[in-house]
A.B. asks: 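Dropping a structure here in structure tokens format, bear with me for questions.
Keep in mind the model is a prediction, meaning the values are calculated, not measured.
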Amino acid sequence: MFLSVFDLFKVGIGPSSSHTMGPMIAGARFLDHLRAQPFKVSGLRASLHGSLAFTGKGHATDRATILGLAGFVPETMDRDAAEAALEANRETRTLRPEGFGDLRFDPERDLVFDFENRLKGHANGMVLRATDDQGDIIAQETYYSIGGGFVLTEAELQAGEKAPQGAPVPYPFDTAAQMLEMAARSGLSIAAMKRANELTSRSGAEIDKGITRIWQVMNDSIERGLATTGTLPGGLNIKRRAAAIRDSLNAEAQRNLTAPHVINDWMSTYAMAVNEENAAGGQIVTAPTNGAAGVVPAVIRYWLSHVPGASERDLPEFLLTAAAIGGIIKHNASISGAESGCQAEVGSASAMAAAGLAAVLGGTPAQIENAAEIALEHHLGMTCDPVKGLVQVPCIERNGLGAVKAVSAASLALRGDGTHFVPLDSAIETMRQTGEDMSEKYKETSLGGLAVNVPNC
């Protein structure tokens, strides 16, 4: 199993990788499928199931589905063009994706939130259909958005294709134990092994360029979040806080009033800035998901802005190491809140960030694995219970605390020699089992937890 750093860190849009990016990608994939067929398509239909139905409105799944069927994809989506396409659909009840004429699509009739019929493959399921002139169904495909912007058809899911399969790689580790064994045998760092694997499918220059872009988009989302005030969309009337907190921190620093613990506020503010941007539908990087998009960027920004000797030249070491850990977690458990709760999203992100930070601070492979384990262990059991189905409460602050835990985990691991009691693989397996046992109402359905105990209108 090999997951590229560019599979885990994707440029996309908010507010959700599984509920926004996934349905958009599914719509675009369905169009590609239809382009290869000999028949004429006259209309489109979509039904959303499971978590996509329960929290779809709050996650903009309806908008994303329409845009996907109009031919948009997250990485290249132009917001003005997307809004124009949505407005045109409201007026004409049609879509016009490239290569097709006008296709009937009335959202009130053709986009169904099916709360009763959960599809068997995954909590995030959707069915897309094409119709002929008479309205009869002539093509149909089931898609599952399995977290982090990964989308599989029903056939792919049944075949076990949980990740893109490419050429054989020189260091094919599926577990943390295998990763440590290969590092010891080869004498290479985790990042060096990951880079060697990446080189089987792209050049070194392409890897460096891609990583530079990942950080640029991450940092841009921090900067936009730190510069933007106002109220987030969705009806909860949540005020953006990152800009005001940043101003307060700067003012304290100028008056020499900063206490040592305030560094935690900087980490939290960087993460909150990203997740406020995500909640507003802005451009972010899945890390490994949208709901957890603030943790890794916040820890990188903390390292670059507050740790002596930090340099952007070491960004590949950080992100390649983080991706190695994220790939192991996704392969053996989940990064989907709808599948395993927020332990799979912010927990995974915190483990990835802890590993990346430990790497750039000079940690050995054993210390890096320890850092990831500490961060993940102390997110076990965390539920996903977004109020009103919005990626705002408790998601925004939760990213801040995930970043703080990641830095603490890396620091603790670096104080030791890498030996520790609980292996990372055991923590990952525990997360998987906990996710299986967790009630559905705590897995991104907004049917339990804070979502029902906090007034949301």
A.B. asks: Counting only heavy atoms from other residues, nucleotides and ligands, does the tally under 6.0 Å from CZ of R241 exceed 12?
C.D. replies: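 Open: at most 12 neighbouring heavy atoms sit under 6.0 Å from CZ of R241.
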A.B. asks: Step by step, would you call T289 with E345 a side-chain hydrogen bond (donor to acceptor under 3.5 Å, both in side chains)?
C.D. replies: CA-CA 6 Å; T289 66; E345 295 208 26; 2.7 Å; yes
A.B. asks: Of R202, R195, R313, R213, which is the lone residue that meets salt bridge (charged side-chain N to carboxylate O under 4.0 Å, His left out) with D208?
C.D. replies: R195
A.B. asks: Using a strict 4.0 Å threshold on nitrogen-to-oxygen distance, state whether K405 and E377 make a salt bridge.
C.D. replies: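 So K405 does not pair with E377 through a salt bridge.
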A.B. asks: Looking only at side-chain N and O atoms, does T228 offer a donor or acceptor that is under 3.5 Å from a partner on R224?
C.D. replies: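 Result is no, nothing qualifies.
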A.B. asks: How close do G121 and L157 get, counting heavy atoms only, and between which atoms?
C.D. replies: O-CD2, 3.4 Å
A.B. asks: In the structure I gave you, are the side-chain heavy atoms of K57 and K388 within less than 4.5 Å of one another anywhere?
C.D. replies: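 When only atoms from C-beta onward are counted, K388 and K57 do not touch, as no gap falls below 4.5 Å.
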A.B. asks: Could you pull out the closest heavy-atom pair between V5 and E198, with the gap in Å?
C.D. replies: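 Nearest pair, atom of V5 first, then E198: N-OE2, 2.6 Å.
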A.B. asks: Start with the C-alpha gap between Q216 and D220, add the side-chain angles, then the distance that decides, and say whether side-chain hydrogen bond (donor to acceptor under 3.5 Å, both in side chains) holds.
C.D. replies: CA-CA 6 Å; Q216 185 64 59; D220 286 348; 2.8 Å; yes
A.B. asks: For the residue pair K10 and F150, would you count it as a cation-pi contact if the rule is NZ or CZ under 6.0 angstrom from the ring centre and within 45 degrees of the ring axis?
C.D. replies: yes
A.B. asks: Check this for me: E223, atom CD, are more than 12 non-hydrogen atoms of other residues, nucleotides or ligands nearer than 6.0 Å?
C.D. replies: yes
A.B. asks: Would the number of heavy atoms belonging to other residues, nucleotides or ligands and lying under 6.0 Å from OH of Y171 be above 12?
C.D. replies: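 It does: Y171 OH has more than 12 such atoms within range.
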A.B. asks: I'd like to check V393 versus I238 (side-chain heavy atoms, cut-off strictly below 4.5 Å). Are they in contact?
C.D. replies: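 Yes, side chains in contact.
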A.B. asks: Would you say CD of E87 has more than 12 non-hydrogen atoms from neighbouring residues, nucleotides or ligands within 6.0 angstrom?
C.D. replies: yes
A.B. asks: Can you see which heavy atom on E369 is nearest to which on L424, and at what distance?
C.D. replies: OE2-N, 2.8 Å
A.B. asks: If you define the side chain from C-beta out and look only at heavy atoms, does anything of M352 sit under 4.5 Å from F318?
C.D. replies: no
A.B. asks: State whether the number of non-hydrogen atoms from other residues, nucleotides or ligands found under 6.0 Å of R185 atom CZ is greater than 12.
C.D. replies: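 Atom CZ in R185 is crowded, with more than 12 foreign heavy atoms closer than 6.0 Å.
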A.B. asks: Could you report the tightest heavy-atom contact between N278 and S16, atom names first, then the distance?
C.D. replies: OD1-N, 4.2 Å
A.B. asks: Looking only at side chains, do H19 and S51 share a donor and an acceptor under 3.5 Å apart?
C.D. replies: yes
A.B. asks: Are the side chains of L8 and T286 in touch, meaning some heavy atoms are under 4.5 Å apart?
C.D. replies: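 In short, these two side chains do not touch, never coming nearer than 4.5 Å.
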